[in-house]
2 protein chains.
Amino acid sequence: MGRRQHLIDTALKLFYEQGIHATGINQVLDVAQVAKQTLYNHFESKDSLVEAAVVHRDFVFYGWLADRLSQCAAGKEALLEVFDAIHDWFNNKVPMLNRFCGCFFINTCGEFSDPEHEVHKRCAEHKARVFELLLGHARKVTRSEAEAKNLAYALSLLKEGATIKAHVEGDLEAALSAKQIAARMISSH
Amino acid sequence: MGRRQHLIDTALKLFYEQGIHATGINQVLDVAQVAKQTLYNHFESKDSLVEAAVVHRDFVFYGWLADRLSQCAAGKEALLEVFDAIHDWFNNKVPMLNRFCGCFFINTCGEFSDPEHEVHKRCAEHKARVFELLLGHARKVTRSEAEAKNLAYALSLLKEGATIKAHVEGDLEAALSAKQIAARMISSH
DNA sequence: TTGATTATAGACAGATCTGTCTATATCTAG
DNA sequence: CTAGATATAGACAGATCTGTCTATAATCAA
């Protein structure tokens, strides 16, 4: 793997586990076993490394989730698969997502609350992309665009809520609990 | 107000708006207009100031929410009031909660992911307390303890989800959208 | 082989961080 | 009034932070 990608991977893991402001450039370099100048050849500042890490997390997470859903029948099955997928994530069954430490995008917005900040915007974009993924499947089980949006919206609230329950309260069954609620919602549409 | 409480209020505001690791002790002192030694007379370290800020936020937020709910009929009305209350919060209608920057406890767990950390535990306790508040009202509109728990759980997922939508995506209507979903859930119980 | 690019270790500057210390001033209770 | 407690400003130590610089080494294409 190229140095640039290796730095992004290492930074992402540390940012995710420790928080961004709590993680120094030097620790990233120590763990990645890369020289400082190499980092500054590829990134103009820590901030731009942070941005690259967020973009990469979106790439990995969205790709993983879309792949999980694509292995199910479109519609109800795929919508429910969301919760089985995040259940695996919460319980550390998905190495590519790193040890579960909540949602990286939520955590990052907690450190960059200004919605005009580039990093915050990237996080919002990720959530919008995931919403579109749900919406595509919600359309298959509803009779109008408005209904589809309502369903996708409700399911995304459940997904975010479960992620919080799992991380803050250590509720490792949160995804399965959310799945049951989701199932009732989908049925009633 | 005593110096100790003034320091906690100031620290809480800055921690909430900027994140904890991004906020230095010196900035807290500058804003609070308090001498450094005074801080270290009242708190043995930054960490203990952080803990005090989290405990205080629980006190303020829980007290505020419980008060809002207590002004409604117990049960369905109170459960729906949760979403009107957080709608006001999201839209900066509640000065005592400071400018909306997401949920302080969620943000803080993003910076202290280790569930054994004292600060993380305090955040979990807050969520548990809010859950109990919902549960009390859920019991009024359900026929069994299991149903009450399910309802309170579902509503708390919606509340957390709406908070995330509002903060990360800037969706200021998230609370009202969540309220509609909540209303359907309560009715179907 | 040669010449350009890229990576290396690590010193360094300058800023900022937490926490301690000192010496002075203000408040408060008896 | 007085004595003890509390607050003050700010210097200071020592650690850590980001980012720059240098001089050397490895890599790779022509």
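Each chain gets a letter, A, B and so on, in the order its sequence line appears, and its residues count up from 1. The structure displayed is predicted, hence computed values, not measured ones.
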Margin query: Please encode protein proximity along nucleotides 4-23 of chain C as a string of B, S and -, counting only heavy-atom distances under 4.0 Å.
Written below: ---SBB--------BBBB--
Margin query: Could you tell me if A:Q5 and A:H56 have a donor-acceptor pair between their side chains, going purely by distance under 3.5 Å?
Written below: yes
Checklist line | Flag for B:Q37-B:N41: side-chain donor and acceptor within less than 3.5 Å | finding: yes
Next item on the list: Might you work through the side-chain contact (heavy atoms from CB on, under 4.5 Å) test for A:N98 and A:N92, ending with a clear yes or no?
Entry: CA-CA 8 Å; A:N98 295 321; A:N92 293 322; over 6 Å; no
Note to self: Students often mix this up, so state it plainly: with edges at 30° and 60°, are the rings of A:W89 and A:F61 parallel, tilted or perpendicular?
What the structure shows: perpendicular
Note to self: One pair to check against side-chain hydrogen bond (donor to acceptor under 3.5 Å, both in side chains): A:D67 and A:Q71. What are the steps and the verdict?
What the structure shows: CA-CA 7 Å; A:D67 186 60; A:Q71 286 165 37; 3.2 Å; yes
